[in-house]
Asker: 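Take a look at the following structure, please.
Proteins come first, then strands; the chains are lettered A, B, ... in the order of their sequence lines, and each starts at number 1. Please read these numbers as outputs of a predicted model, since none were measured by experiment.
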There are 2 protein chains.
Amino acid sequence: MKAIILFGHGARDARWREPFDRLAQLWQEQHPSTPVQLAFLELMQPSLEEAVTTLAAKGATDLTIVPVFFGQGGHLRNDFPVLLEECRGKFPNMTLSATPAVGEDLAVLQAIVDFGARAL
Amino acid sequence: MKAIILFGHGARDARWREPFDRLAQLWQEQHPSTPVQLAFLELMQPSLEEAVTTLAAKGATDLTIVPVFFGQGGHLRNDFPVLLEECRGKFPNMTLSATPAVGEDLAVLQAIVDFGARAL
């Protein structure tokens with residue numbers, strides 16, 4: 001079974017995660033047969049490994065991790081691959097793949113441009 | 001004259017800003033009569049004040065600042081309003097307004113959901 005993890009940075013302020021909760025809710029409404037979990041690099045729970053564990057318990061075997069970051073900076077180029085490899089080591093029977101950061105997607109950038117245009 | 005500032009967090013890794021440069025380029029292609037500047041909270045230049053100064057020199061009088069952040073955490077709820085007030089004090093003849101974070105926009109979230117769906 002396929003599943004998806006939306007992987008964000010995390011923050012001290014609990015309100016920071018609201019758009020992530022909304023994202024997961026949108027995903028589940030629109031893709032009810034593909035379980036979703038949020039995961040955070042730091043300061044918020046669950047961790048990537050905890051999210052993979054949750055999805056493994058639901059029977060997921062084929063996991064796509066979407067980094068909900070704008071840029072591919074040090075967190076995604078250095079920290080994230082280490083976490084991903086650790087998860088692959090702990091879940092050898094799962095296929096774990098990762099997309100580029102969502103900020104690399106032209107449609108995401110266009111939605112931001114359109115948001116700005118509406119605000120002028 | 002109206003103008004727009006796309007305000008991001010900033011990062012140590014120079015590659016992190018690539019989507020922001022792409023955003024500004026998209027904006028300028030699609031809205032050539034509305035100047036755009038990037039600005040960063042920390043670790044990258046220009047600062048918000050530097051970006052406002054640049055746009056003031058171009059004749060902008062009515063500035064919309066779009067926080068290119070997912071969540072409204074401490075940076076946007078505490079740090080950003082202070083910077084905004086400082087800029088208002090230094091540029092009393094300009095109108096400076098700010099939108100919510102782009103992560104509050106449903107179309108931005110939907111673009112992220114669609115990006116994930118294409119990757120499965």
Asker: Highest number of heavy-atom pairs under 4.5 Å with chain B: which of A111(A), A24(A), P19(A)?
Answerer: P19(A)

Asker: Checking Q30(A) against chain B: side chain, backbone, both or neither under 4.5 Å from a heavy atom?
Answerer: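 Contact with chain B: side chain only.
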
Asker: Taking everything shown except R118(A) itself, do over 12 heavy atoms lie less than 6.0 Å from its CZ?
Answerer: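 Correct, the count exceeds 12.
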
Asker: At under 4.5 Å between heavy atoms, what parts of residues 71-83 of chain A are in contact with chain B? List them by residue number.
Answerer: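 The list, in residue order, reads G71(A), Q72(A), G73(A), G74(A), R77(A).
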
Asker: Is any side-chain heavy atom of L41(B) less than 4.5 Å from a side-chain heavy atom of F7(B)?
Answerer: yes

Asker: Heavy atoms only, distances under 4.5 angstrom: which of A3(B), A11(B), G116(B) has the most pairs with chain A? Name it, please.
Answerer: G116(B)

Asker: Hey, which residues of residues 42-52 of chain A are touching chain B, say heavy atoms under 4.5 Å apart?
Answerer: none

Asker: Report which part of A14(A) has an atom under 4.5 Å of a heavy atom belonging to chain B: side chain, backbone, both, or neither.
Answerer: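 Neither; nothing under 4.5 Å.
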
Asker: Contact part of V66(A) toward chain B, heavy-atom cut-off under 4.5 Å: side chain, backbone, both or neither?
Answerer: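 The side chain, not the backbone.
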
Asker: With respect to chain A, which residue among R22(B), K2(B), H31(B) yields the maximal number of heavy-atom pairs within a distance under 4.5 Å?
Answerer: R22(B)

Asker: Heavy atoms only, distances under 4.5 angstrom: which of H9(B), E18(B), E104(B) has the most pairs with chain A? Name it, please.
Answerer: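 Most heavy-atom pairs within the cutoff with chain A belong to E104(B).
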
Asker: Would you say the ring centroid of F70(A) lies under 6.0 angstrom from that of F69(B)?
Answerer: no

Asker: How about S97(A) and L63(A): do any of their side-chain heavy atoms sit closer than 4.5 Å?
Answerer: no

Asker: Taking every heavy-atom pair that is under 4.5 Å apart, which of I112(A), T64(A), T99(A) has the most such pairs with chain B?
Answerer: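 The option with the most such pairs is I112(A).
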
